[in-house]
Amino acid sequence: VTVRDQAVGSVRSSTARVEVSILDVNDARPIFTPAAYTKVVSEDTLLGASVTGVTCTDQDLGVNGEVRFSVVGGDGGSTFLVDNNGNIVLNSSLDYETKSS
């Protein structure tokens, strides 16, 4: 950037280097790969057993690109848990006759 004074005759100026860093904004949505998962689980599956793992990425940088997994619906009995790595595990017993889906 250069600045000049408004003097008549002998104009004086000075130049400074300005560095601008552009920060990433949270403008990309997380994407699951694949977009849908279907798994069949036997009712005699042991508690704590892995049911499946899900994969999700976000193209944003830094904290804007970090993803967190959670079960937000369809599991009123907390039957499944998902960890920070997308691993879904069985958290409570399954009974086909009580609830089949």
Side-chain angles (χ1 to χ4, degrees):
V1 174
T2 300
V3 63
R4 293 186 177 94
D5 63 21
Q6 297 296 317
V8 177
S10 179
V11 175
R12 303 224 178 243
S13 66
S14 183
T15 302
R17 180 174 173 218
V18 176
E19 185 175 316
V20 176
S21 297
I22 300 172
L23 300 176
D24 186 42
V25 296
N26 192 15
D27 57 351
R29 71 177 356 146
I31 304 222
F32 280 97
T33 307
Y37 295 80
T38 301
K39 297 296 174 183
V40 176
V41 181
S42 173
E43 68 181 338
D44 64 353
T45 300
L46 296 175
L47 294 180
S50 177
V51 174
T52 191
V54 294
T55 303
C56 186
T57 58
D58 189 319
Q59 294 300 312
D60 287 314
L61 299 177
V63 295
N64 291 336
E66 295 175 9
V67 295
R68 290 185 181 88
F69 297 94
S70 61
V71 177
V72 295
D75 186 25
S78 298
T79 305
F80 302 98
L81 294 177
V82 60
D83 68 16
N84 292 334
N85 296 314
N87 298 311
I88 299 173
V89 297
L90 185 62
N91 186 52
S92 64
S93 299
L94 299 174
D95 184 349
Y96 180 84
E97 288 75 25
T98 304
K99 186 173 183 181
S100 62
S101 61

Quick one: list whatever passes side-chain hydrogen bond (donor to acceptor under 3.5 Å, both in side chains) with Asp75, sequence neighbours left out. Thr79
Partners passing side-chain hydrogen bond (donor to acceptor under 3.5 Å, both in side chains) against Thr15 (at least two apart in sequence or in another chain): Thr2
For residues 4-13, run the donor-acceptor check on the side chains, cut-off 3.5 Å, and write out each pair with its distance to 0.1 Å, sequence neighbours left out.
from	atom 1	to	atom 2	distance (Å)
Asp5	OD1	Ala7	N	3.3
Asp5	OD1	Arg12	N	3.1

For Leu46, enumerate each residue passing the side-chain contact (heavy atoms from CB on, under 4.5 Å) test, keeping only those at least two apart in sequence or located in another chain. none
Sequence neighbours excluded, every pair satisfying side chain to side chain donor-acceptor pair (under 3.5 Å) that has a member inside [range]:
range	value
residues 50-60	none
residues 27-44	Ser42-Asp44
residues 82-91	Asp83-Asn87

Hydrophobic clusters here meaning ILVMFWY residues chained together by side-chain heavy-atom distances under 4.5 Å, can you tell me if Val41 and Val82 are in one? yes
Would you kindly confirm whether Leu81 and Val54 end up in one hydrophobic cluster when ILVMFWY residues are joined by side chain heavy atoms under 4.5 Å apart? no
Remaining members of hydrophobic cluster (4.5 Å side-chain criterion), Leu61: none
Please report, to 0.1 Å, the donor-acceptor pairs under 3.5 Å made by any side chain of residues 62-74, with sequence neighbours excluded.
from	atom 1	to	atom 2	distance (Å)
Asn64	ND2	Asp24	O	3.3

Who pairs with Arg17 by salt bridge (charged side-chain N to carboxylate O under 4.0 Å, His left out), at least two apart in sequence or on another chain? Glu19
Shortest non-hydrogen contact from Ser92 to Ser78? OG-O, 4.0 Å
